[in-house]
Colleague: 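Please see the structure below; I have some questions.
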Amino acid sequence: MPATAPNHGAGGCGKANHRNTPAVSHTAAQARASPSGGGCPSGWRSQRNTARGHVVVRFSPIGSRKHQLPPPAQIRGRRCQQAVVNGGKSWHCLRNISDAHGIQRIAHAAPDNARTCIMASKVITRFAPSPTGFLHIGGARTALFNWLFAKHHGGEMLLRIEDTDRQRSTEEAVNAIIDGLQWLELEWAGEPISQFSRQERHVEVIRQLLESGHAYYCQCTPEELAAMREKAKAEGRPMTYDRRCRELGLCPPHDRPLVVRFKAPREGEIVINDLVQGEVRWQAQALDDLVLMRADGTPTYNLAVVVDDHDMGITHVIRGVDHLTNAARQKMIYEALGWDVPEMAHIPLIHGPDGAKLSKRHGALGVEAYREMGYLPEAMRNYLARLGWSHGDDEIFSTEQLIEWFDLDAVGKSPARFDFAKLESVNGWWMRNIEREKLLARFGEWLPHAPEELREKAEQARQRLADASVRQVFETLLDDLRERAKTLNELLELSWFIFAERPLQPNAKARKILKDDARAMLAALLPRLQALDAWDKDAIEALIRAFAEEQELKLGKVAQPLRAAVTGSNVSPGIFEVMAAMPRDEVLARIADQATGAA
RNA sequence: GCCCCCAUCGUCUAGCGGUCUAGGACGCCGGCCUCUCACGCCGGAAACAGGGGUUCGAGUCCCCUUGGGGGCGCCA
């Protein structure tokens, strides 16, 4: 459904008188306190505007810093760009430091004032994916960082679906994203917000920009623009719009379709103080007059994002570095509108094993693919958090620890490669160490999502698990099984003998073990097992060890054929444990199946 | 091409001027344990991209080179 055609004639056309009235529209949602906003002691506010320093003051709960406060004198000589105040208790210097004055001021600021000022702001982050495909791993990490940051600071994450591209946005993608976030247990506050649904508001803001002389109509066609870019490229000039319509004073109705462009400053520089990237500056001329409204009247991304982030009261924008230049463009729009610019944090992208941007070729699968592969949400969070973020030498983090320790200052600037081997290792740790009940639940949740090749087994396991006695065996052996499984898939494979029905189909290696002499050995052993009174691990083990000794066989020569017969595999938990956990009749029958097979 | 960012073992990283003969983890190799496979334990190989500065002193600060990445849409 196409956008509501805006009333081009309304407002702002014809040589705007450059009133430059900051049209600040306050909705309830924007009633957030800004760290630099009103109510702060003047000393603090001015720090944001230090000519070179741009000291950023943020609040984080007491005790959340891993480093305790360094003495002011050390920092002063170090040219800090960013500093953090911890609930007025301590302060800490961040990276890329470039001005000594700001730091001194921090050092001199009264902690009590800082607390009063900063406590007023509640952290609101947002995850804003465009629903043009599944939730890929990079998006998942962005969501995780937003979520952790918000949680860490006692705030909330919001979810906004950037569905303004009507051609590419799909309902399935929205569902995939929501499913993915839910699987990872990254909850957001309130309902997901559709950016498309806010179109009227966006158009209203465009009108404001037109009226205040910060935007203008442009008649250039896509073809002309493409030609301009070609030409610029050939001449080695930057491929930016040449602003030819800027002073034309075009106005609808017009004989050609018109778009609205932002009237970006022609000189000076745009400076972003990014919480991860540090200070990044652009010459204003490097940024062109971006389109705010398409010829069909629909608003573009950069405009919509600014309006939505503002209206939603977002305090911290955390997204991939691929948005860094957008940050500069967006900052210009904020300023034209007279709005507070939220804090920005542009996190490095995840790369594939070959160092190139992660693509479908690599691991850029949807998160549901990782669920299928049998990874645990807690392991996923753990691994993803460690990709680009660190906390000393720690590798394993519970979600609580993640929330307690996560902050943007420990996020690096360089891209990280996605490494399946490490993910698997982390997942293995969680398989072994997660609470038993939790693992049982995860396994049950996962079964319906098993990959194609395991679908049948998973379904059978699901059904058999409903049988209390089968479940009993599974639970008894769970600790032995989980130790050997790096993923839920492997857990199913390893525990398959519990759910399998007689006669078992031994795998290739098990068949190799079950040669004639092994079958004969089993035939000799069987009656003794049948005669065994007590069916417990110690009794079984004692009997078999005695048998092996008597036959002058190494224990392995008895244990392996037994394992093959009972589990149908060459790999399993300790065979005595397995036999003891399984029903006696079933075990004896399975052995008999293979023993008689020899005859 | 232009703008921006990045650069410690194969990979993820610790390191915020002296404590670095550079630490941890994954992976790899060897060993122990052992009924298989894992787990666990012990040991090993493995890195400050190159060049200039600054400094008494540089992996740590600055510059250049090289190499990687991102951006340059009426996509988001």
Side-chain angles (χ1 to χ4, degrees), chain A residues 67 70 74 78-79 93-95 97 128-132 162-165 167-169 195 218 220-222 225-226 229 232-240 257 259-261 277-278 280-283 286-288 290-296 298 300-302 304-305 320-326 328 346 348-349 351 353 355-357 383 386-396 412-419 421-426 428 432 480 482-486 494 509 513 541 544-545 548 554-560 562-564 567 569-576:
Chain A
H67 300 298
Q74 272 185 17
R78 218 196 279 148
R79 294 164 54 201
C93 177
L94 296 182
R95 75 183 88 238
I97 298 189
S130 55
T132 54
E162 311 228 309
D163 52 357
T164 53
D165 185 337
Q167 255 69 50
R168 299 198 300 150
S169 298
Q195 186 160 63
C218 167
C220 298
T221 63
L225 294 168
R229 275 190 284 272
K233 188 177 180 179
E235 294 171 8
R237 285 184 291 110
M239 295 186 266
T240 48
V259 301
V260 175
R261 281 186 184 272
Q277 300 293 323
V280 188
R281 15 180 102 224
W282 291 262
Q283 291 301 311
L287 275 4
D288 56 3
L290 61 279
V291 171
L292 300 177
M293 187 164 75
R294 303 183 186 93
D296 67 359
T298 59
T300 59
Y301 167 77
N302 276 299
V305 166
V321 261
D322 48 338
H323 285 288
L324 192 59
T325 351
N326 286 330
H346 289 86
L349 268 21
H351 288 186
K357 190 179 178 179
Y383 175 71
R386 271 295 279 118
L387 224 48
W389 172 81
S390 64
H391 182 263
D393 282 340
D394 297 332
E395 297 286 348
I396 298 293
K413 289 206 224 178
S414 43
R417 299 185 190 197
F418 191 85
D419 182 9
K422 181 98 177 205
L423 203 212
E424 194 142 300
S425 157
V426 171
R432 271 174 267 123
D480 292 299
R482 74 202 295 202
E483 197 171 286
R484 293 165 168 79
K486 291 222 186 311
L494 271 164
K509 288 187 175 164
I513 292 166
E541 179 166 358
I544 290 171
R545 282 188 186 277
K554 288 172 79 172
L555 187 55
K557 288 289 179 195
V558 181
Q560 277 300 81
L562 265 178
R563 186 186 323 280
T567 71
S569 168
N570 56 312
V571 174
S572 84
I575 190 61
F576 308 130

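In the text below, chain A, chain B and the rest are named by the order of the sequence lines, each starting its count at 1. We use all heavy atoms of the structure for the numbers below, so side chains are in, but hydrogens, waters and symmetry mates are not.
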Colleague: Do A:S414 and A:P348 have side chains that get closer than 4.5 Å, going by heavy atoms?
Modeller: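 They are not in contact (no side-chain heavy atoms under 4.5 Å apart), so the answer is no.
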Colleague: When you get a sec, tell me which of B:rG10, B:rA76, B:rU36 is the closest nucleotide to the side chain of A:Q195?
Modeller: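 The nucleotide sitting nearest to the side chain is B:rA76.
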Colleague: Is A:N326 touching bases, backbone alone, or none of the nucleic acid, heavy atoms closer than 4.0 Å?
Modeller: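 Base contact.
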Colleague: With a 3.5 Å cut-off and no angle check, do the side chains of A:D296 and A:T298 form a donor-acceptor pair?
Modeller: yes
Colleague: If I take atom CD in residue A:E235 and atom P in nucleotide B:rG1, what distance separates them, rounded to the nearest angstrom?
Modeller: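 To the nearest whole Å, that distance equals 16 Å.
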Colleague: If you check every side-chain atom of A:H323, which of B:rA7, B:rU36, B:rA76 has the closest atom?
Modeller: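 Nearest listed nucleotide: B:rA76.
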Colleague: Let me spell it out: for each of A:W389 and A:R484, pick the nucleotide of RNA chain B with the closest heavy atom. Which residue's pick is nearer the 5' end?
Modeller: A:W389
Colleague: Tell me what A:T221 touches on the nucleic acid: a base, only sugar-phosphate, or nothing, going by heavy atoms under 4.0 Å.
Modeller: base
Colleague: Quick check: on RNA chain B, is the nucleotide nearest A:P238 upstream (toward 5') of the one nearest A:D165, or the reverse? Name the residue that is more 5'.
Modeller: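 Nearer the 5' end of the strand: A:P238.
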Colleague: With P as the reference atom in both, quote the distance from B:rG67 to B:rC61 in angstrom, rounded to an integer.
Modeller: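 So the two P atoms sit 23 Å from each other.
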Colleague: Pick base, sugar-phosphate or nothing for A:G388, based on heavy-atom distances below 4.0 Å to the nucleic acid.
Modeller: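 Answer is sugar-phosphate: A:G388 comes under 4.0 Å of backbone atoms only.
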Colleague: To the nearest Å, how far apart are A:L555 CG and B:rC35 P?
Modeller: 5 Å
Colleague: Please classify the nucleic acid contact of A:S414 as base, sugar-phosphate, or nothing, using heavy-atom distances under 4.0 Å.
Modeller: sugar-phosphate
Colleague: Return the pairing partner of B:rG1 with a 3.5 Å limit on both distances, Watson-Crick or G-U wobble; otherwise return none.
Modeller: B:rC72
Colleague: Is any side-chain heavy atom of A:V259 less than 4.5 Å from a side-chain heavy atom of A:R261?
Modeller: yes
Colleague: Contact class for A:G574 (heavy atom, under 4.0 Å): base, sugar-phosphate, or nothing?
Modeller: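 Base: the residue A:G574, judged by heavy atoms under 4.0 Å, touches a nucleobase.
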Colleague: Are the side chain of A:S130 and the backbone of A:T132 linked by a donor-acceptor contact shorter than 3.5 Å?
Modeller: no
Colleague: Below 3.5 Å, does any donor atom in the side chain of A:R237 face an acceptor in the base of B:rC2, or the other way round?
Modeller: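 Side chain to base: no pair present.
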Colleague: Can you tell me if A:Q167 has over 12 outside heavy atoms packed within less than 6.0 Å of its CD?
Modeller: no
Colleague: Among the nucleotides B:rC26, B:rU13, B:rU36, which one has an atom lying closest to any side-chain atom of A:S390?
Modeller: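 The listed nucleotide nearest to A:S390's side chain is B:rU13.
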Colleague: Between the base of B:rA25 and the side chain of A:K422, is there a donor-acceptor distance below 3.5 Å?
Modeller: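 Checked by distance alone, the answer is yes.
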Colleague: Given B:rA38, B:rG73, B:rC4, which nucleotide is nearest the side-chain atoms of A:R229?
Modeller: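 Shortest atom-to-atom distance from the side chain points to B:rG73.
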Colleague: Could you list all N or O pairs between the protein and nucleotides 66-68 of chain B that sit under 3.5 Å apart?
Modeller:
none

Colleague: Counting side-chain heavy atoms from CB outward, which of B:rU36, B:rC26, B:rC74 is closest to A:Q560?
Modeller: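 Out of B:rU36, B:rC26, B:rC74, the nucleotide with an atom closest to A:Q560's side chain is B:rU36.
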Colleague: Look at the side chain of A:R563 and the base of B:rC35, then say whether one donor and one acceptor between them are separated by less than 3.5 Å.
Modeller: yes
Colleague: Would you kindly give the CG-to-P distance between A:L225 and B:rC74, to the nearest whole Å?
Modeller: 6 Å
Colleague: Using a cut-off of strictly less than 4.0 Å, decide whether A:T132 has a side-chain nitrogen or oxygen near OP1 or OP2 of B:rA76.
Modeller: no
Colleague: Taking A:V291's backbone N and O only, do any of them form a donor-acceptor pair with A:T300's side chain (distance below 3.5 Å, no angle check)?
Modeller: yes
Colleague: Distance check: side-chain N/O of A:R432 vs OP1/OP2 of B:rA38, anything under 4.0 Å?
Modeller: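 So the side-chain polar atoms of A:R432 never come under 4.0 Å of the phosphate oxygens OP1 or OP2 of B:rA38.
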Colleague: Is A:D322 side chain donor-acceptor paired with the B:rA76 base, going by distance under 3.5 Å alone?
Modeller: no
Colleague: Less than 4.5 Å apart, any side-chain heavy atom of A:D165 and any of A:Y301?
Modeller: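 No, their side chains stay 4.5 Å or more apart.
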Colleague: What's the closest nucleotide to the side chain of A:R386 if the choices are B:rG24, B:rC39, B:rA76?
Modeller: B:rG24
Colleague: Nearest to the A:K413 side chain among B:rC5, B:rC26, B:rU13, which nucleotide is it?
Modeller: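 Looking only at heavy atoms from C-beta outward on A:K413, the closest nucleotide is B:rC5.
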Colleague: With rounding to the closest Å, how many angstrom separate the C1' atoms on B:rC35 and B:rA22?
Modeller: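 Those two atoms are separated by 44 Å.
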Colleague: Is any side-chain heavy atom of A:W282 less than 4.5 Å from a side-chain heavy atom of A:L324?
Modeller: yes
Colleague: Mind checking if A:K486 touches a base, just sugar-phosphate, or nothing, with heavy atoms under 4.0 Å?
Modeller: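 Sugar-phosphate contact only - A:K486 comes under 4.0 Å of backbone atoms but never of a base.
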Colleague: Counting any heavy atom closer than 4.0 Å, what does A:A286 reach on the DNA or RNA strands: base, sugar-phosphate only, or nothing?
Modeller: nothing
Colleague: Go through B:rC74, B:rU11, B:rU13 for me and flag the one nearest to the A:R261 side chain.
Modeller: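 Comparing B:rC74, B:rU11, B:rU13 against the side chain of A:R261, the answer is B:rC74.
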Colleague: Mind checking A:C220 for me? I need base, sugar-phosphate or nothing, with any heavy atom below 4.0 Å counting as a touch.
Modeller: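 If one applies the 4.0 Å heavy-atom cut-off, A:C220 turns out to touch a base.
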Colleague: Could you measure between the two C1' atoms, the one in B:rA14 and the one in B:rC32, and give it in whole Å?
Modeller: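 Looking at atom C1' only, B:rA14 and B:rC32 are 30 Å apart.
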Colleague: Specify the separation, in whole Å, of atom NZ of A:K557 and atom C1' of B:rU34.
Modeller: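 About 16 Å, once rounded to whole Å.
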Colleague: Have a look at A:R482 and say if it touches a base, only the backbone sugar-phosphate, or nothing, with a 4.0 Å heavy-atom cut-off.
Modeller: nothing
Colleague: If you define the side chain from C-beta out and look only at heavy atoms, does anything of A:K422 sit under 4.5 Å from A:R417?
Modeller: no
Colleague: Between atom CD1 in A:I396 and atom C1' in B:rG24, what is the gap in whole Å?
Modeller: 13 Å
Colleague: To the nearest Å, give me how far apart CD (A:E483) and P (B:rA38) are.
Modeller: 12 Å
Colleague: Mind checking the P distance from B:rG10 to B:rU34? Whole angstroms is fine.
Modeller: 36 Å
Colleague: Over all strands shown, is A:F576 touching base, sugar-phosphate only, or nothing at heavy-atom distances under 4.0 angstrom?
Modeller: base
Colleague: Sticking with atom C1', work out how far B:rC28 lies from B:rC12, rounded to a whole angstrom.
Modeller: 16 Å
Colleague: Is there a side-chain contact between A:L562 and A:I544, using heavy atoms and a 4.5 Å cut-off?
Modeller: yes
Colleague: With both distances under 3.5 angstrom, what nucleotide forms a Watson-Crick or G-U wobble pair with B:rA58?
Modeller: none
Colleague: Would you mind pulling out the nucleotide paired to B:rC48, Watson-Crick or G-U wobble, both distances under 3.5 Å?
Modeller: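 Pairing partner: none.
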Colleague: I'd like the P distance from B:rC64 over to B:rC3, given in whole Å.
Modeller: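 Approximately 13 Å lies between the P atom of B:rC3 and that of B:rC64.
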Colleague: Expressed in angstrom and rounded to an integer, what is the separation of A:K233 atom NZ from B:rC72 atom C1'?
Modeller: 11 Å
Colleague: With side chains defined as the heavy atoms from C-beta onward, is the minimum distance between A:K413 and A:V321 less than 4.5 Å?
Modeller: no
Colleague: Are side-chain heavy atoms of A:R545 and A:L555 found at a separation under 4.5 Å?
Modeller: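 Side chain of A:R545 against side chain of A:L555, heavy atoms only: contact under 4.5 Å found.
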Colleague: Quick check for you: among B:rA14, B:rC35, B:rC5, whose closest atom lies nearest to any side-chain atom of A:D393?
Modeller: B:rA14
Colleague: Specify the separation, in whole Å, of atom CG of A:L292 and atom P of B:rC74.
Modeller: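 For the pair A:L292 CG and B:rC74 P, the rounded distance is 11 Å.
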Colleague: Find the partner of B:rU19: check Watson-Crick (N1-N3 plus N6-O4 or O6-N4) and G-U wobble (N1-O2, O6-N3) distances, both under 3.5 Å, and reply none if neither fits.
Modeller: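 By the stated definition (distances under 3.5 Å), nothing pairs with B:rU19.
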Colleague: For the side chain of A:L349, starting at C-beta, report the closest nucleotide among B:rC26, B:rG24, B:rG70.
Modeller: B:rG70
Colleague: Expressed as a whole number of Å, how far does the P atom of B:rC48 sit from that of B:rG59?
Modeller: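 B:rC48 and B:rG59 have their P atoms separated by 11 Å.
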Colleague: Find the partner of B:rG40: check Watson-Crick (N1-N3 plus N6-O4 or O6-N4) and G-U wobble (N1-O2, O6-N3) distances, both under 3.5 Å, and reply none if neither fits.
Modeller: B:rC32
Colleague: Applying a 3.5 Å limit to both distances, which nucleotide forms a Watson-Crick or G-U wobble pair with B:rA25?
Modeller: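 The answer is B:rU11, by the H-bond criterion.
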Colleague: Could you give the distance separating B:rU60 and B:rC20 at their C1' atoms, to the nearest angstrom?
Modeller: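 Their C1' atoms lie roughly 11 Å apart.
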